[in-house]
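Every chain is numbered from 1 and lettered A, B, ... according to where its sequence line falls, protein lines coming before strand lines.
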Number of protein chains: 2
Amino acid sequence: MKIGELASATGTRAETVRYYEKIGLLAPPARTSGNYRSYGGEHLARLSFIRRARDLGFTIETVRELLALSDDRTRSCEAVDGIARMHLAEVDRKIADLMALRGELGRVIDTCSHGTVADCKIIEALAPHSHG
Amino acid sequence: MKIGELASATGTRAETVRYYEKIGLLAPPARTSGNYRSYGGEHLARLSFIRRARDLGFTIETVRELLALSDDRTRSCEAVDGIARMHLAEVDRKIADLMALRGELGRVIDTCSHGTVADCKIIEALAPHSHG
DNA sequence: ATGCACCCTGTAGGAACTACAAGGTCAAGC
DNA sequence: GCTTGACCTTGTAGTTCCTACAGGGTGCAT
């Protein structure tokens with residue numbers, strides 16, 4: 001499996017795959033006689049995991065931790081659980097922030113009277129506010 | 001008004017103010033005899049606008065557009081409204097993604113909390129997806 | 001005159017990629 | 001057998017939005 005195939009199989013770009021290899025997240029694969037990277041099922045599984053975790057908002061460093069945990073099967077689930085919990089809290093914060101933002105943005109848009117910029121409420125809403 | 005005062009009046013850092021000047025978002029102010037930046041009400045208003053728009057999640061480039069639009073007072077509000085609506089849609093999408101993530105993390109924690117190592121499903125939870 | 005808080009410029013770093021540039025490999029088509 | 005074009009290689013620099021120095025200058029109080 002060449003890098004392009006691996007990339008499209010996992011929804012990644014070839015550049016990103018090489019980047020993951022460079023930062024030590026994905027093991028360097030064997031090479032063909034023409035010096036092309038040659039991937040197998042192990043790499044596919046691993047990269048799928050990485051992609052999915054990244055999509056779920058885990059940082060590269062957290063993904064590294066999770067991979068280390070999954071590699072060491074003797075370890076308890078507690079560490080994994082802890083990481084997940086930390087992320088859950090973070091995700092909850094992000095959701096709350098975005099909901100507040102959404103409300104404000106929605107209000108701003110609702111006030112738009114579709115006139116000229118001179119009396120655009122959106123611009124007004126962005127204009128100077130007291131700030132501490 | 002010196003840079004530090006402007007910064008604290010708008011909830012920004014001095015470095016960020018200089019950065020905004022460097023990328024052409026904020027006009028260079030007059031200088032004192034000692035070469036300090038000297039800001040007036042115009043700068044305060046504009047930086048407040050920038051800060052608020054950034055807090056609402058608009059990118060620097062979008063803020064630039066909004067500033068350009070707001071400078072042309074006779075222009076129709078339509079473009080401004082469109083930008084805000086597009087941004088709102090983006091925020092909605094992010095919220096949806098985060099809600100999905102939240103559910104997944106919750107499930108992982110739930111599974112982990114009453115199980116042994118063998119039962120830990122976090123790795124499986126992040127296992128390969130089909131990618132087309 | 002001596003601190004000290006603040007200001008100046010310029011550059012490097014950080015997170016996680018992304019986009020070249022300049023060249024090598026390979027299968028297909030003529 | 002040779003060309004075309006898609007793909008691969010390495011390396012480096014750019015992206016976004018700042019943040020953090022380093023190494024110096026200014027202004028005010030003691």
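- For the pair A:E15 and B:Y20, nearest-nucleotide mapping onto DNA chain D gives the more 5' position to A:E15.
- In this structure, A:I23 reaches neither bases nor backbone, as no heavy-atom distance under 4.0 Å exists between it and the strands shown.
- Sorted by first and then second residue, the ring pair (Phe, Tyr, Trp, His ring centres under 6.0 Å) pairs with a member in residues 63-107 of chain B read B:F58-B:H87; sequence neighbours excluded.
- The distance from atom CD1 of A:I60 to atom P of C:dA16 is 5 Å, rounded to the nearest whole Å.
- Along DNA chain D, the nucleotide closest to B:R13 and the one closest to B:T59 are compared, and the more 5′ of them pairs with B:T59.
- The nearest heavy atom of DNA chain C to B:E5 and to B:K22 marks one nucleotide each, and the one closer to the 5' end goes with B:E5.
- A:R54 comes within 4.0 angstrom of sugar-phosphate atoms only, judged by non-hydrogen atoms across all strands, and of no base.
- Following chains of ILVMFWY side-chain contacts shorter than 4.5 Å, one cannot reach B:I95 starting from B:M86, and the two form parts of different hydrophobic clusters.
- For B:Y20, there are no ring-ring contact (aromatic ring centres under 6.0 Å, His included) partners two or more places apart in sequence or in a different chain.
- With sequence neighbours excluded, the residues forming a ring-ring contact (aromatic ring centres under 6.0 Å, His included) with A:Y39 are A:H43, listed by chain and number.
- Once you apply a 4.0 Å limit to the heavy atoms of chain B, the touched nucleotides of DNA chain D run 5' to 3' over D:dC17 to D:dG27.
- Residue A:K2 contributes atom NZ, which lies 18 Å from atom P of C:dG24 at whole-angstrom precision.
- Note: CZ (A:R31) to C1' (C:dG24) measures 13 Å, nearest angstrom.
- Looking at the side chain of B:R37, the nearest of the listed nucleotides C:dT9, C:dC17, C:dT11 is C:dT9.
- Screening residues 29-45 of chain A for salt bridge (charged side-chain N to carboxylate O under 4.0 Å, His left out), with sequence neighbours left out, gives A:E21-A:R37.
- Spacing between atom CG of A:L47 and atom P of C:dC17 amounts to 11 Å, rounded to whole angstrom units.
- Residues forming a salt bridge (charged side-chain N to carboxylate O under 4.0 Å, His left out) with B:E61 (at least two apart in sequence, or on another chain): B:R64.
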